[in-house]
Visitor: 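Structure incoming, see below.
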Amino acid sequence: MPEMVAEYVRDVNAKRPHDGRSMKSISLDYLTGYVSDPFHSFEGGRNRPLFKGNMRRNITMRNHYYGPGQGATPASQAYYAQGGRQYEWQSSASPLRVKVPYAGMASDRPIFGTNMIDEAHAHQLPHWGSMLWQTPEFAFLGHRFFDQAKLYDNVILGKQDSATEFYERGAAWKFMHTALAWKTASNNSDRLYSRAEVMDFITFDFETFYDLWYAATPGFLNPPANIMIGGEIDQRSAVFAGAARFGPCQFTDIGVHCHDFFSGYWLSALHAANKIGFIDALKAASPKVKAVIEWLLAMHRKRMIGRVKDGLLINASGSDYLTSYWTEAEIRAAGGDVSKLHQTFAAVQAARPAPSWDTYTNEGQTYDRDGQAMDQLLAGPAIIKDLGMTGTDIDQAVTIAEARFQEKLTAETAKGPGQAGSTWFKYHQVTNNRPYKP
């Protein structure tokens with residue numbers, strides 16, 4: 001949710017401090033900037049969702065954020081974004097537009113795709129405007145942003161060649177788009193998906209994931225005892241085993257690890273989806289979908305509560321938002337035997353502690369951990385609780401996280417209005433906070 005929209009949702013009477021302008025007016029202008037974008041994707045001269053009537057339509061974007069796209073894509077499956085003339089005034093008319101840093105977004109040259117946003121950055125969600133002001137115009141574009149993310153890969157979790165989408169931010173954004181498309185759906189509009197179409201898309205996706213990666217052997221439900229095959233570390237086996245102990249994770253050259261703000265995005269998406277009733281809709285969709293969404297929630301509980309309660313001092317792995325659980329060297333030393341690796345957050349913390357919860361070391365230097373990853377960690381336990389989960393471990397984690405947050409808030413506030421936020425909360429966002437309950 002854009003910062004100014006989140007401020008308005010929290011307090012409908014909020015005003016911008018320096019000039020007293022209402023946050024409602026600012027939010028309306030911001031979301032209208034999206035809606036006024038001349039780069040809606042058209043097909044056959046019509047501004048109509050690309051997957052309407054066939055949620056598994058086999059098309060993929062050509063000429064996008066990363067370049068020309070896959071050249072081997074057959075013409076029948078290649079989608080070229082179509083729209084009207086690109087006007088000279090569009091850049092100045094929408095100054096808040098996300099710019100593509102190297103691909104050359106200029107008002108007087110061709111551009112492909114709505115704002116050229118790739119799936120990893122597909123967090124443009126104007127649907128909130130339709131929910132706030134009861135008009136479909138915001139949802140019209142929101143469903144097109146949903147299309148654009150799907151044009152990169154028309155899946156959330158059920159990817160044929162990857163078991164790790166539950167860790168990826170692109171999948172988190174597509175899940176959020178799906179939830180908001182469901183909330184703003186219509187059976188009557190040609191420019192919006194219906195709820196049946198949205199549920200068809202995600203039911204197929206989650207059931208595919210269930211069969212491919214969840215209930216398979218090995219799989220998330222049946223993790224392996226050894227994660228080496230033929231003397232090499234098997235990426236999928238490592239993820240299945242790591243997830244059973246630590247929640248969302250990936251295996252790369254830094255071993256089995258968590259990208260903290262990727263996981264934070266997923267938790268935010270799950271929390272928002274729950275608030276609008278989408279989680280309940282998923283639980284009622286089918287037994288397999290119910291199992292997958294409950295597993296996703298359990299994964300985030302495992303990671304968030306375990307990390308805050310028992311592993312907040314785990315040293316970061318090169319960046320403040322990367323946390324390694326099993327290094328490649330540790331896995332090889334254990335011969336891939338999972339029982340010989342760290343089993344808990346506390347064990348990882350004991351093996352490689354940071355100097356303090358708010359710092360980490362890298363190549364002999366100490367850095368602070370201020371950033372969205374830490375903001376999400378300090379907000380996370382309260383979000384888990386607000387999702388309806390209960391337990392003394394959750395209550396303990398909430399207390400710990402709140403104490404850390406207040407520690408920093410007190411220290412920054414004491415600096416006065418001129419310096420507050422200069423050393424911590426430098427990147428803090430409204431939506432990376434504990435649930436707001438006026």
Visitor: In terms of the angle between their ring planes, are Phe145 and His177 parallel, tilted or perpendicular, with boundaries placed at 30° and 60°?
Guide: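 Rings of Phe145 and His177: tilted, 30 to 60°.
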
Visitor: Which class fits the ring pair Phe220 and Trp295: parallel under 30°, tilted 30 to 60°, perpendicular over 60°?
Guide: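 Geometry flag for Trp295 against Phe220: tilted rings.
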
Visitor: Does a side chain donor of either Glu207 or Ser286 reach within less than 3.5 Å of an acceptor in the other side chain?
Guide: yes

Visitor: May I have all residue pairs that pass salt bridge (Lys or Arg N to Asp or Glu O under 4.0 Å) and include part of residues 265-290, sequence neighbours excluded?
Guide: Asp211-Lys288, Lys275-Asp386, Lys290-Glu294

Visitor: Where does the angle between the aromatic ring planes of Trp357 and Trp424 fall among parallel (under 30°), tilted (30 to 60°) and perpendicular (over 60°)?
Guide: perpendicular

Visitor: Apply the test ring pair (Phe, Tyr, Trp, His ring centres under 6.0 Å) to residues Phe51 and His143: give CA-CA distance (whole Å), side-chain angles for both, the deciding distance (0.1 Å), then the verdict.
Guide: CA-CA 10 Å; Phe51 298 85; His143 285 226; over 10 Å; no

Visitor: Between Phe138 and Trp128, does a ring pair (Phe, Tyr, Trp, His ring centres under 6.0 Å) hold up when you go through it step by step?
Guide: CA-CA 7 Å; Phe138 299 99; Trp128 296 116; over 10 Å; no

Visitor: Under the side chain to side chain donor-acceptor pair (under 3.5 Å) rule, collect the residues that match up with Lys309, sequence neighbours excluded.
Guide: none

Visitor: Can you list every salt bridge (Lys or Arg N to Asp or Glu O under 4.0 Å) pair that touches residues 390-402, not counting sequence neighbours?
Guide: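 Non-adjacent pairs meeting salt bridge (Lys or Arg N to Asp or Glu O under 4.0 Å): Arg301-Asp393, Lys385-Asp395, Glu402-Arg434.
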
Visitor: For Phe246 and Trp326, take the angle between the two ring planes, folded into 0 to 90°, and tell me which bin it lands in: parallel under 30, tilted 30 to 60, perpendicular over 60.
Guide: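 Perpendicular, since the angle between the ring planes exceeds 60°.
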
Visitor: With sequence neighbours excluded, what pairs up with Asp205 under the side-chain contact (heavy atoms from CB on, under 4.5 Å) test?
Guide: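 Result, side-chain contact (heavy atoms from CB on, under 4.5 Å) vs Asp205: Val155, Ile156, Leu157.
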
Visitor: Give me the one residue out of Lys159, Lys174, Lys150 that meets salt bridge (charged side-chain N to carboxylate O under 4.0 Å, His left out) with Glu119.
Guide: Lys174

Visitor: Provide the full list of salt bridge (Lys or Arg N to Asp or Glu O under 4.0 Å) pairs with a residue in residues 14-24, sequence neighbours left out, each pair given once.
Guide: Arg16-Asp19, Arg21-Asp29

Visitor: Can you list the residues that meet the side chain to side chain donor-acceptor pair (under 3.5 Å) rule with Ser22, with sequence neighbours excluded?
Guide: none

